[in-house]
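Residue numbers run from 1 in the order of the sequence given. Predicted model, so just to flag it, every value in this text is computed and none were measured.
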Amino acid sequence: MQYKTITDGNRHVTATIAAFSPEKGVSEYQLMIQLTEKGLPFPEQLKSVFSFFGDIRKNDLHNATIVFRRFFLSDTANQTESLSYYLPENKNNISIIEQPPLNGTKIALWACLQTGADVSANHPSSPGLYTVRHGKYLHLWKGSAINPGNDSGTQMNALLKAYIAQLKEHNCTLADNCIRTWIFVRDVDVNYAGIVKARRERFAENGLTEKTHYIASTGINGRHADPAAIVVFDSYAVKGLENGQIQYLYAKSHLNSTCEYGVTFERGTCIRYGDRRHVFISGTASIDNKGKIVHEGDAGRQTVRMIENVEALLGEAECETDDIAHIIVYLRDIADFTVTGSIVEKHFPKIPKLILLAPICRPGWLVEMECFAVRKDHNTRFEPL
């Protein structure tokens with residue numbers, strides 16, 4: 001992985017880029033943009049992010065196609081409308097969530113871009129999934145899905161049913177094609193139990209059990225601009241994979257099975273293409289292989305154990321830290337930002353990353369981390385990306 005940091009002092013903004021650029025085939029870019037100046041009005045921050053992103057895409061990323069974007073805001077109720085003016089009509093591959101950046105600014109951006117991506121099948125008026133085609137593979141993205149309901153379980157149930165129907169339109173299923181989900185929950189300490197129950201029930205109906213497999217996921221605190229939305233759902237699926245292309249990651253020396261404490265997601269998932277592997281590490285905290293919290297009450301030591309767990313999962317996919325393309329760290333308590341941020345920066349100085357204020361689904365977990373990695377591969381069994 002190649003890393004690059006670009007800073008524009010006039011616009012008070014910085015970008016960190018991870019580039020996977022093979023001699024032949026698809027180039028991939030993971031990009032994180034943050035403001036460097038606190039206290040600027042939101043319209044000014046917003047303008048800086050978009051103008052800087054446009055310049056970087058043109059000058060440094062060879063006008064690569066935007067595959068997916070997530071905007072992290074400090075106040076969705078007051079900021080989403082202004083952000084929407086900058087967005088295209090088709091927003092299926094755009095996620096907007098309230099998870100304040102912990103550097104004290106109002107907006108941050110994660111963007112995924114690729115070369116040679118065919119997105120011509122997407123229509124501005126379509127409410128379905130955003131499709132990105134590379135050869136035989138069809139990648140299906142969805143951002144910021146919400147659904148009405150009186151409680152978190154009802155909303156999660158409706159979201160999964162709608163998503164299953166959308167996958168079916170592409171001759172896909174939840175069990176065979178969904179690779180990654182993000183579930184953002186308002187007031188996670190109160191509403192997460194309803195999510196867990198609804199997800200378990202819908203998964204079981206669709207062939208996802210502890211005897212088969214689950215889906216890599218992050219379940220975390222987050223807020224939508226709509227005050228009625230308790231749950232916000234982002235997802236990624238792939239059509240065209242063959243038997244043997246998907247590997248589930250467990251790192252049993254460090255982590256227990258999620259079903260042992262009643263939840264239904266995979267610790268990590270690796271997809272092996274002919275020319276590379278993609279590794280999706282779920283939200284991972286300071287936990288041991290018996291499901292117990294390690295270093296209760298100590299955010300610094302929890303951060304170290306969290307990183308150790310992530311590295312164990314990556315190792316199972318034959319990947320290393322230098323293969324990581326982006327990192328997102330979630331903190332429960334803003335007071336832990338200094339200690340956690342210094343440890344994360346020491347371990348991953350060049351990697352695109354964000355640290356956000358977002359309580360984790362279990363109160364004792366003070367910090368959680370997810371990441372995505374790409375590693376060069378030579379696998380003649382499968383077609384390249």
Side-chain angles (χ1 to χ4, degrees), residues 20 25-26 28 30 67-68 112 114 117 129 131-142 160 163-164 166-168 170-183 199-200 202-219 234-252 255 257-259 263-284 309-320 323-326 370-385:
F20 179 83
V26 176
E28 301 185 62
Q30 297 285 326
V67 172
F68 187 76
C112 171
Q114 296 175 342
L129 305 177
T131 62
V132 180
R133 183 174 291 280
H134 284 294
K136 67 171 285 189
Y137 301 113
L138 184 69
H139 307 265
L140 304 159
W141 289 91
K142 185 69 174 181
L160 284 173
Y163 181 53
I164 290 164
Q166 290 172 333
L167 287 172
K168 188 175 181 180
H170 295 276
N171 295 315
C172 294
T173 67
L174 193 66
D176 292 340
N177 303 101
C178 185
I179 302 298
R180 184 71 164 89
T181 66
W182 294 262
I183 303 170
R199 179 173 59 178
R200 184 190 306 115
R202 294 290 77 74
F203 276 14
E205 288 179 357
N206 288 271
L208 291 162
T209 72
E210 60 182 286
K211 294 181 179 179
T212 57
H213 67 86
Y214 294 119
I215 297 165
S217 187
T218 299
D234 290 0
S235 60
Y236 169 63
V238 183
K239 181 181 180 181
L241 299 175
E242 302 175 14
N243 290 335
Q245 274 189 266
I246 300 178
Q247 173 192 0
Y248 298 103
L249 309 175
Y250 303 102
K252 292 183 178 179
L255 298 153
S257 171
T258 62
C259 65
V263 291
T264 50
F265 69 92
E266 292 292 348
R267 297 290 187 188
T269 302
C270 174
I271 304 178
R272 296 178 183 271
Y273 296 100
D275 60 343
R276 72 196 71 190
R277 67 192 68 168
H278 282 173
V279 182
F280 302 84
I281 302 299
S282 300
T284 302
N309 287 347
V310 167
E311 290 176 339
L313 289 164
L314 288 170
E316 204 165 280
E318 300 176 330
C319 288
E320 301 174 353
D323 299 312
I324 298 176
H326 82 249
E370 64 176 66
C371 69
F372 169 67
V374 186
R375 185 178 179 88
K376 188 175 182 180
D377 207 344
H378 301 282
N379 196 325
T380 57
R381 289 180 58 196
F382 309 120
E383 290 190 25
L385 183 68

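Separation of atoms NZ (Lys142) and SG (Cys178) is listed at 13.5 Å; rounding is to 0.5 Å. Taking OG1 of Thr264 as the start and CZ of Arg202 as the end, the distance is 11.5 Å to the nearest 0.5 Å. Atoms SG and CD, from Cys112 and Gln114 in turn, are 5.0 Å apart once rounded to the nearest 0.5 Å. Between the CZ atom in Arg200 and the SG atom in Cys259 there is a gap of 10.0 Å [rounded to 0.5 Å]. To the nearest 0.5 Å, atoms OG1 (Thr380) and CG (Asp275) are separated by 12.5 Å. With rounding to the nearest 0.5 Å, the separation of SG in Cys319 from CD in Glu311 is 12.5 Å.
Side-chain N or O atoms of Thr284 include none that pairs as donor or acceptor with a backbone N or O of Val310 at under 3.5 Å. Looking at Gln245, its side chain does come within 3.5 Å of a backbone N or O of Arg272 through a donor-acceptor pair. Although no hydrogens or angles enter the test, the distance criterion places a donor-acceptor pair under 3.5 Å between the side chain of Ser217 and the main chain of Thr181.
By the 6.0 Å contact criterion, CD on Glu210 is open, its count of non-hydrogen atoms from other residues, nucleotides or ligands being 12 or less. Heavy atoms from other residues, nucleotides or ligands lying under 6.0 Å from NZ of Lys136 number more than 12.
Phe265 is linked by a ring pair (Phe, Tyr, Trp, His ring centres under 6.0 Å) to nothing, counting only residues two or more places apart in sequence or in another chain. Here Phe382 pairs with nothing under the ring pair (Phe, Tyr, Trp, His ring centres under 6.0 Å) rule; sequence neighbours left out. Residues forming a side-chain hydrogen bond (donor to acceptor under 3.5 Å, both in side chains) with Glu320 (at least two apart in sequence, or on another chain): none.
Nearest approach of Ser235 to Tyr163, heavy atoms of both residues: OG-CE1, 3.1 Å. Considering all non-hydrogen atoms of both residues, Gly283 and Arg180 come closest at N-NH2, 4.4 Å. Of all non-hydrogen atoms in Tyr137 and Gly240, the two that sit nearest each other are CE2-O, 3.5 Å. Considering all non-hydrogen atoms of both residues, Val132 and Ala117 come closest at CG1-CB, 3.6 Å.
Side-chain atoms of Leu174 and Phe203, non-hydrogen and from C-beta on, do get closer than 4.5 Å to each other. With a 4.5 Å cut-off on side-chain heavy atoms, Asn206 and Ile164 count as touching. Side-chain contact check for Ile246 versus Val238: every heavy-atom pair is 4.5 Å or farther apart. Looking at Phe20 and Leu385, their side chains never come closer than 4.5 Å, going by heavy atoms from C-beta outward. Proximity of Leu208 to His213: side-chain heavy atoms (C-beta onward) are separated by under 4.5 Å at one or more points. Residues Trp182 and Glu370 meet the side-chain proximity criterion, which asks for heavy atoms closer than 4.5 Å. Between Leu140 and Asn177 there is no side-chain heavy-atom pair separated by less than 4.5 Å. For the pair Val26/Arg276, a side-chain contact is recorded, criterion being any heavy-atom separation below 4.5 Å from C-beta on.
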**OP:** I would like to know whether Ile324 and Leu314 meet side-chain contact (heavy atoms from CB on, under 4.5 Å); could you show each step before the answer?
**Re:** CA-CA 9 Å; Ile324 298 176; Leu314 288 170; 3.7 Å; yes
**OP:** Could you walk me through whether Asn171 and Lys239 pass side-chain contact (heavy atoms from CB on, under 4.5 Å), step by step?
**Re:** CA-CA 8 Å; Asn171 295 315; Lys239 181 181 180 181; 3.9 Å; yes
Subject >> Derivation and outcome, side-chain contact (heavy atoms from CB on, under 4.5 Å), residues Arg267 and Tyr250 >> reply: CA-CA 6 Å; Arg267 297 290 187 188; Tyr250 303 102; 5.6 Å; no
**OP:** Could you please spell out the steps behind the ring pair (Phe, Tyr, Trp, His ring centres under 6.0 Å) verdict for Tyr236 and Phe68?
**Re:** CA-CA 10 Å; Tyr236 169 63; Phe68 187 76; 8.7 Å; no
**OP:** Please report the C-alpha distance between Glu383 and His134 in whole Å, then the side-chain angles of each, then the deciding distance to 0.1 Å, and finally whether the side-chain contact (heavy atoms from CB on, under 4.5 Å) criterion is met.
**Re:** CA-CA 10 Å; Glu383 290 190 25; His134 284 294; over 6 Å; no
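Remark: the Glu28 side chain and the His278 side chain contain an N/O donor-acceptor pair separated by less than 3.5 Å.
Between Glu316 and Lys252 there is no salt bridge, since no side-chain nitrogen of the basic residue lies less than 4.0 Å from a carboxylate oxygen of the acidic one.
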